[in-house]
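To start, the structure itself, in structure tokens.
We name chains A, B, ... by the order of the sequence lines, and we start the count at 1 in each one.
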There are 2 protein chains.
Amino acid sequence: MTDSMNFQTKCHACPLRQKNVFRPFEDKELDFVTKFKTGELQVEAGSTIILEDNKTPHIYTLLKGWAFRHTSLADGRRQVLNFALPGDLLGLQLAVLNEMQHTVTALTDTTLCVFQKDKVWSVFKDYPGLAFSMTWMASREEQLIDGHLLSVGHRNAQERLAYLLLHLHDRAEIVGYAQNQSFDAPFTQAHLSDALGITPVHTNRTIRTLQSENYFSWKQNRIRILDREGLEDLAAYERDVKTLRPLI
Amino acid sequence: MTDSMNFQTKCHACPLRQKNVFRPFEDKELDFVTKFKTGELQVEAGSTIILEDNKTPHIYTLLKGWAFRHTSLADGRRQVLNFALPGDLLGLQLAVLNEMQHTVTALTDTTLCVFQKDKVWSVFKDYPGLAFSMTWMASREEQLIDGHLLSVGHRNAQERLAYLLLHLHDRAEIVGYAQNQSFDAPFTQAHLSDALGITPVHTNRTIRTLQSENYFSWKQNRIRILDREGLEDLAAYERDVKTLRPLI
DNA sequence: CGTCTGATTGAGGCTACTCAAACGCGGTGG
DNA sequence: CCACCGCGTTTGAGTAGCCTCAATCAGACG
């Protein structure tokens, strides 16, 4: 373990902090986070990070790569709840509610910062700024899910796809995963389909339609937004004002 | 205002605490909450409690009555995100993210405890237990939305209705709003329809079908679960283990 | 008794679903 | 080098669940 510690990303040099998307830390907060972080975990594409109902003692921050949160009905129908990108906190429900009702799976090879969930209490006790950050992230996530619920509940297939594409692009862009209106898509049409609540077949047809109308392209795992305005109109989407997010 | 203060519910005598659903408070926490609470608000059925984009300086706890959270697309299609019952925190996103992306509207005449949102920081600074409670509530709400998203994304009309009925019943029961497998339904079919992501017409047909098959009844604004097991099977629903919730 | 809101029912149509087959492509092994 | 996977994508054909439009009904209220 000491060995792996040497290869560990130092919080003071956290690559996420270089990007100008996180609020500034106080020194003592950073010192604490460094102690709070008990290690780093590599999970390869397709593997489970946190399993529903499975109580691990850890929570994670996604440092590198993509993941997704999902639940299923008993008969196997799967809902993708949201995608996770660097900076996202995974397993907060486990720490706070002591229960996970969804699974988190890696889409790409990922790197995770590992924290002991039983130390979350000491965060609240001694580092109110960090505690606030955690709450910020929880609220933010809820806001995103609210958006998806609106989408799945009331948009048609084309609108849903347009919305999701813009959503993914914009989130990828914030963490430096998009350049030039395009980003690497580490998911399959089946993932999109389960996120949108549309069958794979119909998802495919919808994708083809929007592509043929030059709204976007998807070649070699790379998605490019070609007609942002058109997609925004389709989806009635408004880009969030970028707010500096906290990081833990 | 001094006048209304006299009619205010005392936190020490908070009726919600009488019901054995909230975690115990420490005395000093209770003292603080008493100070934190700046007043009480009555909102009548149908009125807006918090308006999307509208930055009020307050957040609320629902003390009495029903409310619902909702957003809409530009063309008016409305998604009911969730229903709120006593003990639920309203406006946390406002306090934490400084932005509300949904509206909260009263379904019945409601009583709300009013808190200054700019004091939320002092909660985090000085009352970690309460801060944790707020985060607990945020996480819990997210968990509920996740459940709805699964429902709207992957259940058919009958399954969605079954799920929502059980969900509402169980939540109502926890706060003492249900007796004998039945509860007062302060909403219309249109509300359900917007929550389920199904048109009012089809919602009506689905309701009639499930009623005619004796799954439940809905007479004089009162919903009664007649065949709980049947509904659970339909919806693949599992009742949550009751956990003591925090209260703020 | 007229009006309003919400619930209900009918008829017809379209979106999205199901079933099924074929295609493209990277990987593997003979 | 090529045949043979296996996974993900694509396309076709027929169907059904849910939608739209529209009218009627029931109850509350002034």
Side-chain angles (χ1 to χ4, degrees), chain A residues 44-46 68 73 75-80 105 107-108 151-165 184-213 216-223 234-235, chain B residues 44-47 68 73 75-80 105 107-109 151-165 184-213 216-223 234-235:
Chain A
E44 63 182 16
F68 69 111
L73 288 170
D75 63 6
R77 284 174 282 178
R78 178 182 73 171
Q79 176 69 40
V80 171
T105 300
L107 277 170
T108 63
S151 207
V152 173
H154 286 276
R155 282 191 248 247
N156 66 25
Q158 291 197 12
E159 295 167 346
R160 283 184 219 183
L161 178 58
Y163 169 84
L164 187 55
L165 288 171
D184 280 318
F187 39 75
T188 66
Q189 292 186 5
H191 290 113
L192 288 191
S193 149
D194 287 340
L196 299 170
I198 297 171
T199 53
V201 172
H202 195 61
T203 299
N204 178 272
R205 290 193 226 269
T206 306
I207 288 171
R208 307 243 89 220
T209 303
L210 290 199
Q211 280 192 107
S212 74
E213 292 170 5
F216 77 105
S217 69
W218 186 349
K219 292 171 196 153
Q220 291 122 234
N221 295 322
R222 196 157 180 93
I223 291 177
L234 247 186
Chain B
E44 63 182 14
S47 296
F68 69 109
L73 287 169
D75 63 6
R77 284 173 284 178
R78 178 182 72 171
Q79 176 68 40
V80 171
T105 300
L107 276 171
T108 63
D109 292 346
S151 206
V152 173
H154 286 276
R155 283 191 247 246
N156 67 26
Q158 292 197 10
E159 294 166 346
R160 284 185 219 182
L161 179 57
Y163 170 84
L164 187 55
L165 289 171
D184 280 319
F187 39 76
T188 66
Q189 292 187 5
H191 289 113
L192 287 192
S193 149
D194 287 340
L196 298 170
I198 296 171
T199 54
V201 173
H202 196 63
T203 299
N204 178 274
R205 290 192 225 269
T206 307
I207 288 172
R208 306 242 91 220
T209 304
L210 289 199
Q211 280 192 110
S212 73
E213 292 171 6
F216 76 105
S217 68
W218 186 350
K219 291 172 196 152
Q220 290 124 236
N221 294 324
R222 195 157 180 92
I223 290 177
L234 247 186

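- Rounded to an integer number of Å, the gap from B/N204 CG to D/dA23 C1' is 14 Å.
- Closest approach of B/V80 and B/H191 over heavy atoms only: CG2-O, 3.7 Å.
- In this structure, the CD1 atom of B/I198 is 15 Å from the C1' atom of C/dT15, given to the nearest Å.
- In this structure, NE2 of A/H202 is placed 13 Å from C1' of D/dG17, rounded to the nearest angstrom.
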May I have the step-by-step check of side chain to side chain contact (heavy atoms under 4.5 Å, CB included) for B/L234 and B/L210, ending in yes or no? CA-CA 10 Å; B/L234 247 186; B/L210 289 199; 3.8 Å; yes
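- Residue whose closest nucleotide on DNA chain C sits further toward the 5' end, between B/F187 and B/R205: B/F187.
- Listed nucleotides: D/dT11, C/dG6, D/dC19. Nearest to the side chain of B/T188: C/dG6.
- Among C/dT18, D/dC18, C/dG10, the nucleotide with an atom closest to any side-chain atom of A/V201 is C/dT18.
- Put simply, CD on B/Q189 is 15 Å from P on D/dA26, counting in whole angstrom units.
- Between the NE2 atom of B/H154 and the P atom of D/dG17 there is a distance of 18 Å, rounded to whole Å.
- Distance A/H191 NE2 to D/dC7 C1': 13 Å, rounded to the nearest Å.
- The side chain of A/N156 sits closest to C/dA16 out of C/dA16, D/dC18, D/dT10.
- How far CG of A/L165 is from CG of A/L192: 7.0 Å, rounded to the nearest 0.5 Å.
- Across all non-hydrogen atoms, the minimal contact from B/G46 to B/T105 is O-CG2, 3.7 Å.
- Spacing between atom NZ of A/K219 and atom P of D/dT9 amounts to 16 Å, rounded to whole angstrom units.
- The side chain of B/A157 has D/dC18 as its nearest neighbour among D/dT20, D/dC18, D/dT9.
- Atom CD1 in A/I207 sits roughly 14 Å away from atom P in D/dG8 (whole-Å rounding).
- B/D109 places a side-chain N or O within donor-acceptor distance of the main-chain N or O of B/A45, the cut-off being under 3.5 Å.
- Side-chain proximity of A/R208 to C/dA7, D/dC18, D/dT10: nearest is D/dT10.
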